[in-house]
Enquirer: 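The structure's right below; bear with me while I get my questions together.
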Amino acid sequence: MDTAFWTGLWLLSGSCLVILTLPGTLALLFVSLGGVLSRLKIRSLSLLPVEQQPQALRIAVIVPAHNEESLIQRCLVSLLACERVAQEGIIVIADNCTDATAERARAVGVRVLERHDERQRGKGHALAFAFTQLLTEQWDAYAVIDADTVVEPNFLAACSRLLAAGADAVQARYLVR
């Protein structure tokens, strides 16, 4: 067989591979561009002078907890150290606890809702219980924080700024200590 045949076969197979990988390549390009553009938008919001910053939102922080007496206070102290936090805006859902989680949370001075229902266990039921009560109150947004979490002091201010700027939701980075 001559070289023209092999060259043609090589070009044909290369073209097929390009066509097959094109949708994935374009999807990756759009995701990458979206990430870069959103970072630019976030940076531009954080560089606004204080008088031009969007209005702070009232955010209720919901902390579902099941037998977290050893960690709950550390979490709550970090939340209370946040900018723009109201003590009544931190709500611990002591869910089917058999330890001192509720008492330790009350000792810090936050609101505690206790739930006891052995048939419906788990975080989803605890959150449904919380939202049933909290949706009647005047909150602009809700944040759900695990009881073993420690947040940075700017956590709520950053969430408020992003939501006020038009974000539908905010997902924070969650790192293990």
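Note that the structure is a prediction, hence the values are computed from the model and not measured.
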Enquirer: Taking the side chain as C-beta and beyond, is there a heavy-atom pair between Leu113 and Val92 under 4.5 Å?
Expert: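 In short, these two side chains do not touch, never coming nearer than 4.5 Å.
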Enquirer: Roughly how far apart are Cys75 SG and Arg104 CZ, rounded to 0.5 Å?
Expert: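 That separation rounds to 14.0 Å.
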Enquirer: Can you confirm whether Ile93 sits close enough to Ile62 that some side-chain heavy atom of one is under 4.5 Å from a side-chain heavy atom of the other?
Expert: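 Yes. Closest side-chain heavy atoms under 4.5 Å.
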Enquirer: Give, for atom SG of Cys16 and atom CG of Leu11, the distance between the pair rounded to the nearest 0.5 Å.
Expert: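 Atom-to-atom, Cys16:SG and Leu11:CG are 11.0 Å apart.
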Enquirer: With sequence neighbours excluded, tell me which residues meet side chain to side chain contact (heavy atoms under 4.5 Å, CB included) with Asp146.
Expert: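 Asp146 satisfies side chain to side chain contact (heavy atoms under 4.5 Å, CB included) with Lys123, Asp148, Thr149, Tyr174 once adjacent residues are dropped.
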Enquirer: So how far is it from Thr7 OG1 to Trp10 CH2, rounded to the nearest 0.5 Å?
Expert: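 Interatomic distance, Thr7 OG1 to Trp10 CH2, rounded to 0.5 Å: 10.5 Å.
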Enquirer: Just to verify, what does Ala158 make a side chain to side chain contact (heavy atoms under 4.5 Å, CB included) with, not counting sequence neighbours?
Expert: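 Residues passing side chain to side chain contact (heavy atoms under 4.5 Å, CB included) with Ala158: Arg161.
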Enquirer: May I ask you to check whether over 12 heavy atoms, not counting those of Glu118, lie within 6.0 Å of atom CD?
Expert: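 Atom CD in Glu118 is crowded, with more than 12 foreign heavy atoms closer than 6.0 Å.
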Enquirer: Which residues pass the salt bridge (Lys or Arg N to Asp or Glu O under 4.0 Å) test with Arg119, not counting sequence neighbours?
Expert: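 Partners of Arg119 by the salt bridge (Lys or Arg N to Asp or Glu O under 4.0 Å) criterion, ordered by chain and then number, come out as Asp117.
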Enquirer: For a side-chain contact (heavy atoms from CB on, under 4.5 Å) check, start with the C-alpha distance between Leu79 and Val63, then their side-chain angles and the critical distance, and finish with the verdict.
Expert: CA-CA 10 Å; Leu79 285 167; Val63 184; 3.9 Å; yes
Enquirer: Can you give me the closest heavy-atom contact between Leu127 and Pro64, atom names plus distance?
Expert: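 Minimum heavy-atom contact is CD2-CG, 4.0 Å.
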Enquirer: Side-chain contact test, heavy atoms from C-beta onward, threshold under 4.5 Å: evaluate it for Leu134 versus Thr136 and give yes or no.
Expert: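 Contact flag for Leu134/Thr136 side chains = no.
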Enquirer: Hey, any chance Val108 and Leu156 share a hydrophobic cluster, counting ILVMFWY side chains that come within less than 4.5 Å of each other, even indirectly?
Expert: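 Linked within one cluster.
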Enquirer: Of all residues at least two apart in sequence or in a different chain, which pass the side chain to side chain donor-acceptor pair (under 3.5 Å) check with Gln171?
Expert: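 Gln171: no side chain to side chain donor-acceptor pair (under 3.5 Å) contacts found.
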Enquirer: With sequence neighbours excluded, give me every side chain to side chain donor-acceptor pair (under 3.5 Å) pair touching residues 91-102.
Expert: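 Qualifying pairs: Asn67-Thr98, Asp95-Arg115, Asp99-Thr101.
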Enquirer: For residues 108-133, which residue pairs qualify under ring-ring contact (aromatic ring centres under 6.0 Å, His included), counting only residues two or more places apart or in two chains?
Expert: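 Only Phe131-Tyr142 qualify under ring-ring contact (aromatic ring centres under 6.0 Å, His included).
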Enquirer: Looking at residues at least two apart in the chain, or sitting in another chain, which of them share a side chain to side chain donor-acceptor pair (under 3.5 Å) with Gln73?
Expert: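 Scan of Gln73 (side chain to side chain donor-acceptor pair (under 3.5 Å), adjacent residues dropped) gives none.
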Enquirer: Shared ILVMFWY cluster between Leu135 and Trp139, side chains joined below 4.5 angstrom?
Expert: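 Shared cluster, yes.
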Enquirer: Please name all residues satisfying side chain to side chain contact (heavy atoms under 4.5 Å, CB included) with Ala128, sequence neighbours left out, ordered by chain then number.
Expert: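 Once residues adjacent in sequence are excluded, Ala128 has no partner under the side chain to side chain contact (heavy atoms under 4.5 Å, CB included) criterion.
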Enquirer: Flag the pair Ile59 / Asp140 as yes when at least one side-chain heavy-atom distance between them is below 4.5 Å, and no otherwise.
Expert: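 A side-chain contact under 4.5 Å is absent here.
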Enquirer: Once rounded to the nearest 0.5 Å, what's the spacing between atom OG of Ser160 and atom CG of Asn154?
Expert: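 Between Ser160 OG and Asn154 CG, I get 12.0 Å after rounding to 0.5 Å.
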Enquirer: State which residues pass salt bridge (Lys or Arg N to Asp or Glu O under 4.0 Å) with Glu137; sequence neighbours excluded, sorted by chain then number.
Expert: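 For Glu137 the salt bridge (Lys or Arg N to Asp or Glu O under 4.0 Å) partners, ignoring immediate neighbours, are Arg111.
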Enquirer: Transitively linked via ILVMFWY side-chain contacts under 4.5 Å: Val61 with Val170?
Expert: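 Yes, because Val61 and Val170 connect within a single hydrophobic cluster, where side-chain heavy atoms sit under 4.5 Å apart.
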Enquirer: Could you tell me which residues satisfy side chain to side chain contact (heavy atoms under 4.5 Å, CB included) with Ser78, sequence neighbours excluded, listed by chain and number?
Expert: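 Only Val150, Val151 meet the side chain to side chain contact (heavy atoms under 4.5 Å, CB included) criterion with Ser78.
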Enquirer: Testing the basics here: between Ala94 and Val112, what is the closest heavy-atom pair and its distance to 0.1 Å?
Expert: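 Heavy atoms only, the tightest pair is CB-CG1, 4.3 Å.
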Enquirer: Are the side chains of Ile91 and Val110 in touch, meaning some heavy atoms are under 4.5 Å apart?
Expert: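 Side chain of Ile91 against side chain of Val110, heavy atoms only: no contact under 4.5 Å found.
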Enquirer: Please determine whether a side-chain nitrogen of the Lys or Arg among Arg106 and Glu114 lies less than 4.0 Å from a carboxylate oxygen of the Asp or Glu.
Expert: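 Yes.
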